[in-house]
Structures are given as structure tokens and as C-alpha cells.
Amino acid sequence: MIGEAARRHRIREHDHATRLTPAERAFVAWLDANKSREQVLADLKTCLQVAVEVELATIPIYLFTYYSIQRDAASGEAIDRPLAFANKAAGIIMSVAVEEMLHMSLSANVLFAMGQAPILYGKAPGTYPTLLPYHNPVGPPGPDGSTSELVPLAKLSFEQLWHFLQIEYPEALDAPPQDSDWQTIGQLYSYVRCLLRTKWLTDADFQQGAAAAAIQPYNYSPNNVDTLYPTGKFDPWKPAPPNAPPAWSDSYPGAADAARFTNRADSHAGRSELLCIHNRQDAADAIDTICDQGEGYPVPNLGAGSHDDPSKGEESHYVKFLWLQAQYDSYAGTKETLPAQPPPPAQQLPAITQQELEDKELIVAFPDNPTTASYPAELQPIADFCSACFQYMLIMTETIYRVPPQDQKLFFNEGLHRSMIWVLDKYIRTIREIPIGGGLYLAPVFENIPLGERQDSFAALTRIGNAAVAAAQKLAAGLGPDSPLQQVYGDVEYYVEVAIGPAPKSGSRPLPDVGPYWRK
């Protein structure tokens, strides 16, 4: 017979709503007594747009570090500890990036439900290292003693994981809700939680934008091939279960047995991970999901815990990064400068060194905080197209709210899915093979490159793409026929073609032109 607790868990496979802390209850009372309905509505819309920009700011940072990792340096049966660590680090970093995209979409859906279109285009950080929007610029000392909260674009390293921890540090139970000068992202969302609980708001305030026109739940999956990682050596030729393995593969498990997905499907507070907003409770559930996944599933009267889901199957963002950091040799002797929540793990042995990762060519030698202007002139058009794709993805995300609901799934798959997986991902993997001198390689810069008005943005993307193709062709013409860069520059041309057409080589349609949705 199933116990009552187990029965309830099977019925509800997601988080319970977070209770307000004493500091939050006091702030709600202050808002009720000192603010008007108009002020609360305006404040909430402003904070939600800030939240969209905060989540957006983290995405280039995580993606840059993710693409600095070489995941396929050896076959499954040859995986050693450094390669296993690199694969796990990449899978975890991408798992967090995927959830940050979810958080951005959740905040955007709440804002849209209130009748205001979210703005993403041109809202990524302008330069790096960057301060997250409205963050307190002075924080606790890091491993180098610096109190700066500026986060760089940098390759995987112990130091970069410190910056990731700065982003994801859990909110203390008694931390005041803050809409600016906050020390943790949780304080910003705490401010939003309090606004949602005031006496001034009703369900009707979250019915000003049609839920059917919001980003729909079917457009989100918590995992993909990039969030997957092997736990160790595996036999890549071994049949997947339930087939019996041949005798020669007994030494290692098959890929299906060694594989681990990082995110779990129960780490959300509402009916699904990605919510359409119909009422005030939906909005509160959306914000709870964002907080729980970053900081951990809330433990009553104690604050954040190590996990972000009731089944304890997924660690919070903070803990994911802390466990990665604990595997570095540099972790020995370091300690948190803020109250530890949860307590840091012991160092994981045998330790990994940065030199070991780089000697095995598992880390691409990316420059820190690159800009297009810092690259050789002949490579700048190729770097520009990467940034243009990123900006066009943001415009396509804004456009989803204008697409007729019956067409949204097709638009999302042809636009966002293809641009992220089949263009930007493959393009970055291609350009990171291009040397820029000094032992370094071309890295994505994720700049706010202007594409003009949204209705003209596909034409701008096309112009920038054609310039990248011309640059690649010119560089290839100056190489010998046996140069490996011939293939690299050919791939640059191919992936530009996948994005903008024409498509005789790729055989695929280009990304959708958003112009018609913005000219109405």
C-alpha cells in the first residue's frame, strides 16, 4: 500500500509555493500602507523588465565558457578523469544556461500578461566584464581579494566558477527585498514576490495580454544533447538496453548506462516549467520556479537548500557550480566569504588542475572579454555575424508574442530552435578553430550589434552574413589547398547560408524573416 506522503508526492510532481519570509511580510505590509495601486503596477512592470535583462545578461557569460570546452577529444572507451570533468562541466554549464533561458521566458510571460511587451533586442550587456543590471557594484572579496562584482567573458577555470557563484549566490533568509543595489538575484525576485502579494493586485491585472499568445510550455525542454554528459568510460558500440551486450563490451557500460542528464522535470512551481500566465497565482509560481532553480528548493524556516526539486534529483545552480569548483586543486584552502548556504563540500579528489585541462587541449584558448574591434580586421566580419545571429535570436523571441498562436510552434522551431542549435552553436564551434595570434583563437563576443528596426532586421542579418562569407572566401583564397583552415572557412560560408539562404548547399530554408510581424 502506498503511504500517504508517497501518494501526495506522486500526485504533485513539482515544488510547493514558497512562503514569504518575515522580511518579505514586513515589506508587503509597508507596500500596502505606503504605495498606490498605480505605483505597484508600474513598479512590478519595471522590475519584470529588469529581471528579463538580468537573466539575459547571464546567458552570454555561460555560453562563452561552455564553448571554451572541448567535449569530444576522445572516444567513450578512452575517457579519462580530465575529459570526464570537462564533459561534466560543459553539461552542467549548459544546463544552467538552458534554465536561464527559461527564467527569461517566465519573466517575459508575466510582463506580457500585464499588457507590456518584453524588450530583449539590444538589452544584453554592452561590454565585458559586466555588472548585472542594478546589482550592487561592491561585493565580498573573491579568491584574488577583489570586491568587484564585474563578471567577465572567460574560458572555463577555477576563477570563472567563482564568478558563476557570484551570479547564483543564494539569498539569505533575512535579506531585504531590493529592486536595486541588490547583492543576490534572489533579493530582486523577493521584491517581485512582495509586489505580487500586495492588496493592490488582482487576477485581472495578469489578463491584459492573451495567454495563448505568450511563449507556450511546449517550446521548452529542460534537457538537450548539450546538457548530457558521461559519468566515465563507456563502450560507444554497446547496444542500448534491453539488448544483451556482446562479450567484447563487458569492460565498460554502454553509453545509455553512462549518460546523465543534468536537469530534472520536477524543478518547477507551477503546472509546467514554462508557464503561460492566467492569474496572480501563475505569476507567483513563475517567480518561484526562477528562485528555486537558482538558489535551491526552499527549506521551511531555513532558507535555500542544496536542491531545486522535491525529488532531490537536481542541484541548484549555485551547488552545481560549487561541486565543479570543488574538483579543482585551487579549491583546497579556499572558503566562502559570505555565510555558507548550503555548506561548501569537501575538496573532491583526485583534484583537477587547469594546466592538465589545457595540456590535454580540453580548453580552447579564448581571449578574455574579447570585442570584435580587438580581432584582426580580416576576421571582424566573421565575428560580427555571430553577434548578429545572437541579436536576431532576441528579436525572434520578442516576435513570438506577435505570431498567431496556431503558428507559434512552427515559428519557434524554424526560428529559435534552428538559430540556436543549427546556426549559432555550429558557427561558434567552427570559428573557435580560427587562430587570431598569440596562441589564441576566435571566440564569440555577443555584442549588441545593431540590426536597425525590427522590421528590417533580417535584411541587416543578411548584409552582415554576406560580409562574413566574403571575408571567409578571401581568407580561404590566400591559403594552400591542404590547409585545414580551408574547411573551416568553408563551414563559415555553409552556416551563414543555413541562416540567411540561398540554400543550395545546406538544402534547408533560411531563418524566418520577422519583418511582416512588425509592419502590421
Side-chain angles (χ1 to χ4, degrees), residues 60-74 78 80-87 89-90 93 127-130 143-144 146 150-164 324-325 327-330 351-387 390 424-447 468 471-472 474-492 495:
I61 294 167
Y62 292 144
L63 290 183
F64 186 96
T65 302
Y66 172 82
Y67 284 112
S68 75
I69 303 171
Q70 291 279 15
R71 304 192 67 179
D72 55 355
D80 57 10
R81 176 167 167 74
L83 181 53
F85 172 77
N87 264 305
I93 292 169
T127 59
Y128 295 91
T130 188
D144 60 355
S146 171
L150 295 177
V151 181
L153 292 181
K155 63 188 179 183
L156 176 66
S157 67
F158 177 81
E159 290 75 18
Q160 185 67 346
L161 289 171
W162 267 101
H163 291 298
F164 289 2
L324 284 179
Q325 197 185 53
Q327 296 181 60
Y328 271 94
D329 64 326
S330 304
I352 293 291
T353 70
Q354 186 71 14
Q355 192 64 50
E356 185 178 19
L357 294 172
E358 294 181 6
D359 287 346
K360 289 180 174 290
E361 299 183 342
L362 299 175
I363 306 295
V364 182
F366 280 171
D368 290 342
N369 305 310
T371 63
T372 296
S374 70
Y375 288 144
E378 65 272 16
L379 296 175
Q380 291 178 11
I382 294 175
D384 273 342
F385 183 71
C386 186
S387 294
F390 175 62
L424 192 64
D425 175 80
K426 306 302 186 294
Y427 193 81
I428 294 174
R429 293 180 189 276
T430 296
I431 67 173
R432 69 182 184 177
E433 298 183 45
I434 300 174
I436 59 173
L440 301 175
Y441 289 83
L442 196 65
V445 295
F446 298 110
E447 290 178 334
K474 184 176 181 180
L475 287 162
L479 298 171
D482 297 328
S483 171
L485 285 176
Q486 284 283 3
Q487 180 65 50
V488 173
Y489 291 130
D491 287 346
V492 168
Y495 291 119

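As a basis for the values below, the full set of heavy atoms in this structure was taken, side chains included, without hydrogen atoms, waters or symmetry mates.
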Would V492 and F385 count as a side-chain contact (heavy atoms from CB on, under 4.5 Å) if you check the C-alpha gap in whole Å, the side-chain angles of each, and the deciding distance to 0.1 Å?
-> CA-CA 10 Å; V492 168; F385 183 71; over 6 Å; no

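- The nearest pair of heavy atoms linking Y427 to A468 is OH-CB, 4.0 Å.
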Between L156 and L324, is a side-chain contact (heavy atoms from CB on, under 4.5 Å) present by the stated rule, with each step listed?
-> CA-CA 11 Å; L156 176 66; L324 284 179; 5.8 Å; no

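- Among all heavy-atom pairs drawn from A154 and D368, the shortest one is CB-OD1, 3.7 Å.
- Taking CD from Q160 and OH from Y62, the interatomic distance works out to 9.5 Å, rounded to the nearest 0.5 Å.
- The distance from atom CD1 of I436 to atom OH of Y375, rounded to the nearest 0.5 Å, is 5.5 Å.
- Scanning both residues, S68 and K155, for their nearest heavy atoms gives OG-CA, 3.4 Å.
- Rounded to the nearest 0.5 Å, atoms OG1 (T65) and CZ (F164) are 3.5 Å apart.
- Across every non-hydrogen atom of Y128 and V445, the tightest pair is CE1-O, 4.2 Å.
- Contact of the F366 side chain with the L153 side chain is not registered, since no non-hydrogen atoms from C-beta on lie closer than 4.5 Å.
- Annotation: side chain to side chain donor-acceptor pair (under 3.5 Å) contacts of K426 (sequence neighbours excluded): none.
- Looking only at side-chain heavy atoms (C-beta outward), I428 and L63 stay at 4.5 Å or farther from each other.
- Between atom CD1 of residue I431 and atom CG of residue L379 there is a gap of 9.5 Å, rounded to the nearest 0.5 Å.
- Here the closest heavy-atom approach between residue R429 and residue R432 is recorded as O-CG, 3.3 Å.
- In this structure, Y441 OH and I434 CD1 are separated by 11.0 Å, a value rounded to the nearest 0.5 Å.
- With hydrogens and angles disregarded, a donor-acceptor distance shorter than 3.5 Å links the side chain of E447 to the backbone of T372.
- Annotation: side chain of I93 is in contact with side chain of I69 (closest heavy-atom distance under 4.5 Å).
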Apply the test ring-ring contact (aromatic ring centres under 6.0 Å, His included) to residues F446 and F64: give CA-CA distance (whole Å), side-chain angles for both, the deciding distance (0.1 Å), then the verdict.
-> CA-CA 9 Å; F446 298 110; F64 186 96; 7.2 Å; no

Give the intermediate values and the outcome of side-chain contact (heavy atoms from CB on, under 4.5 Å) for residues R71 and Y66.
-> CA-CA 10 Å; R71 304 192 67 179; Y66 172 82; 3.5 Å; yes

Kindly indicate, with the supporting measurements, whether the criterion side-chain contact (heavy atoms from CB on, under 4.5 Å) is fulfilled by L475 and L485.
-> CA-CA 9 Å; L475 287 162; L485 285 176; over 6 Å; no

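- When all heavy atoms of P444 and P370 are compared, the pair lying nearest together is O-CG, 4.0 Å.
- A search for side chain to side chain contact (heavy atoms under 4.5 Å, CB included) contacts involving L83 returns A73, A74, I79, D80, N87, L362, not counting sequence neighbours.
- Sorted by first and then second residue, the side chain to side chain donor-acceptor pair (under 3.5 Å) pairs involving residues 474-488 (not counting sequence neighbours) are Q487-D491.
- If you take OH on Y67 and CG on D425, they are separated by 3.5 Å, rounding to the nearest 0.5 Å.
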